[in-house]
Amino acid sequence: MQQRTFLITGASKGIGRALSERLAAAGHHVVGLARRADDPSFPGTLISVDLSDRHATDQVLTELTQRFAFDGVVNNVGFIRLGKLGEIDLDDLEDALALNLRPAVQTVQAALPGMRARGWGRVVNLSSLVVLGVAERSTYAAAKSAMISFTRTWALELARTGITVNAIAPGPVETEMFRENTAAGSEAEKRFLAMVPMNRLGKPDELAASIAFLLSEEASFITGQTLFVDGGASIGRAPL
Ligand SMILES: NC(=O)c1ccc[n+]([C@@H]2O[C@H](COP(=O)([O-])OP(=O)(O)OC[C@H]3O[C@@H](n4cnc5c(N)ncnc54)[C@H](O)[C@@H]3O)[C@@H](O)[C@H]2O)c1
Ligand SMILES: CC(C)C1=CC=C(C(=O)O)[C@@H](O)[C@H]1O
């Protein structure tokens with residue numbers, strides 16, 4: 001197995017942390033970006049940056065691409081603010097687009113020259129089941145739909161470079177982000193579970209396993225795809 005170096009945004013918790021653990025256990029080097037980097041147990045290099053700050057993110061990426069030869073990027077950081085149509089806060093809309101989308105462009109553009117030069121690379125963008133329609137998540141769903149468009153467009157542009165670009169669209173997963181809006185035992189949780197044929201939440205490592213596969217050598221003929229990892233929730237809702 002060739003050791004690879006992967007850049008993961010939002011790496012300190014949830015899906016990003018589970019992925020960092022899984023990749024490190026497989027022998028790869030993980031460079032994680034998160035707001036807080038004071039966690040000595042992180043299984044790689046953890047860098048503190050507020051990814052909503054465009055210039056701070058640019059500066060960190062410039063430094064990191066001088067230190068590391070990134071073989072892949074996982075755009076995992078996510079931001080959500082609930083809001084019904086008629087009550088959508090335009091600041092939330094701008095924040096959703098800025099934090100869910102801008103860092104994805106910044107990280108990939110920073111890592112792209114090296115991946116192109118080596119003729120091998122992986123990009124995995126985190127989308128969400130919400131792109132199929134979940135109430136009160138307009139701004140978040142718009143951003144996560146754009147992540148799928150980024151994926152398809154970049155996959156076409158990079159198809160002959162050895163760099164693949166794919167998306168993962170999770171269903172409800174037991175993480176801090178999920179629990180911010182969906183308390184255990186709440187009516188909201190019951191509504192989400194009713195959407196899931198498996199009738200349970202996903203585990204962060206189940207998502208990590210799917211992302212790790214798309215980062216692997218074995219996934220070299222897969223590009224431009226969105227994989228719903230959702231306990232069956234997208235069956236009958238997603239286009240074939
Ligand atoms: N958990 C779910 O049910 C679910 C469902 C669908 C999609 N997703 C998507 O999966 C991805 C991971 O979600 P999660 O549930 O693991 O989230 P989480 O809240 O558990 O972790 C988010 C990570 O992002 C980091 N982060 C947040 N804002 C940041 C900022 N401004 N600057 C730097 N780092 C920041 C946090 O420190 C943390 O490491 C997100 O893109 C989310 O939209 C999650
Ligand atoms: C699973 C998906 C529809 C989803 C559920 C709830 C969220 C939230 O944080 O409120 C999001 O993680 C979203 O992706």
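No experiment lies behind these values; they were computed from the predicted model shown. Whatever order the structure lists them in is the order used to number ligands and atoms, beginning at 1.
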Colleague: Would you say T139 and D92 are linked by a side-chain donor-acceptor pair, where the criterion is simply a distance under 3.5 Å?
Modeller: no
Colleague: Please state whether the rings of W154 and F150 are parallel, tilted or perpendicular, taking 30° and 60° as the class boundaries.
Modeller: parallel
Colleague: So, is the end of the R122 side chain (NZ or CZ) under 6.0 Å from the ring centre of W120 and within 45° of the ring's axis?
Modeller: yes
Colleague: Name the option, out of V49, L33, V77, I168, that contains the heavy atom nearest to atom 33 (C) of ligand 1.
Modeller: V49
Colleague: Among all residues two or more places apart in sequence or in another chain, which pass the side-chain contact (heavy atoms from CB on, under 4.5 Å) test with L132?
Modeller: L129, F228, S234, R237, A238, P239
Colleague: Show the atoms of ligand 1 that are less than 4.0 angstrom away from any heavy atom in E176.
Modeller: 20 (O)
Colleague: Check whether any side-chain heavy atom of T107 lies under 4.5 Å from a side-chain heavy atom of L61, and answer yes or no.
Modeller: yes
Colleague: We want to know whether T5 and H28 form a side-chain donor-acceptor pair, criterion being a heavy-atom distance below 3.5 angstrom.
Modeller: no
Colleague: Tell me whether ligand 1 is touched by G202 - counting only heavy atoms on the residue side and a distance under 4.0 Å.
Modeller: no
Colleague: For ligand 1, which is the ligand I care about here, please tell me if K144 has any N or O atom under 3.5 Å from one of the ligand's N or O atoms.
Modeller: yes
Colleague: Assess the residue pair L93 and L90 against the criterion (side chain to side chain contact (heavy atoms under 4.5 Å, CB included)); give the C-alpha distance rounded to whole Å, side-chain angles, the decisive distance to 0.1 Å, and a yes or no.
Modeller: CA-CA 5 Å; L93 174 60; L90 295 183; 4.3 Å; yes
Colleague: Please enumerate all residues that pass side-chain contact (heavy atoms from CB on, under 4.5 Å) together with E206, with sequence neighbours excluded.
Modeller: R200, K203
Colleague: Side chain or backbone, does L51 bring an N or O within less than 3.5 Å of an N or O on ligand 1?
Modeller: yes
Colleague: For ligand 1, does P204 get within less than 4.0 Å through its side chain, its backbone, both, or neither, judged by non-hydrogen atoms?
Modeller: neither
Colleague: How does R17 reach ligand 1, by side chain, by backbone, by both or by neither, if only non-hydrogen atoms under 4.0 Å count?
Modeller: neither
Colleague: Using side chain to side chain contact (heavy atoms under 4.5 Å, CB included), reason through T164 and L214 one step at a time and then give a plain yes or no.
Modeller: CA-CA 9 Å; T164 67; L214 291 175; over 6 Å; no
Colleague: I'd like to check whether G16 has a polar contact with ligand 1, where a contact means an N/O of the residue lying under 3.5 Å from an N/O of the ligand.
Modeller: no
Colleague: Using a heavy-atom cut-off of under 4.0 Å, does the side chain or the backbone of A169 touch ligand 1, or both, or neither?
Modeller: neither
Colleague: By number and element, which atoms of ligand 1 are closer than 4.0 Å to a non-hydrogen atom of S12?
Modeller: 37 (O), 38 (C), 39 (O)
Colleague: Run down the list P172, A104, G171, A208 and name the one with the heavy atom closest to atom 4 (C) of ligand 1.
Modeller: G171
Colleague: Using a 4.0 Å cut-off to any heavy atom of N76, which atoms of ligand 1 qualify?
Modeller: 11 (C), 12 (C), 40 (C), 41 (O)
Colleague: With heavy-atom distances below 4.0 Å as the criterion, list the atoms of ligand 1 near L126.
Modeller: 10 (O), 41 (O)
Colleague: Give the atoms of ligand 1, by number and element, whose distance to some non-hydrogen atom of G78 is under 4.0 Å.
Modeller: 40 (C), 41 (O), 43 (O)
Colleague: Would one find more than 12 heavy atoms of other residues, nucleotides or ligands at under 6.0 Å from atom CZ of R152?
Modeller: no
Colleague: Under 3.5 Å between any N/O of D50 and any N/O of ligand 1: does that happen in this structure?
Modeller: yes
Colleague: I'd like to know if F79 contacts ligand 1, where contact means a heavy-atom distance under 4.0 Å to any ligand atom.
Modeller: no
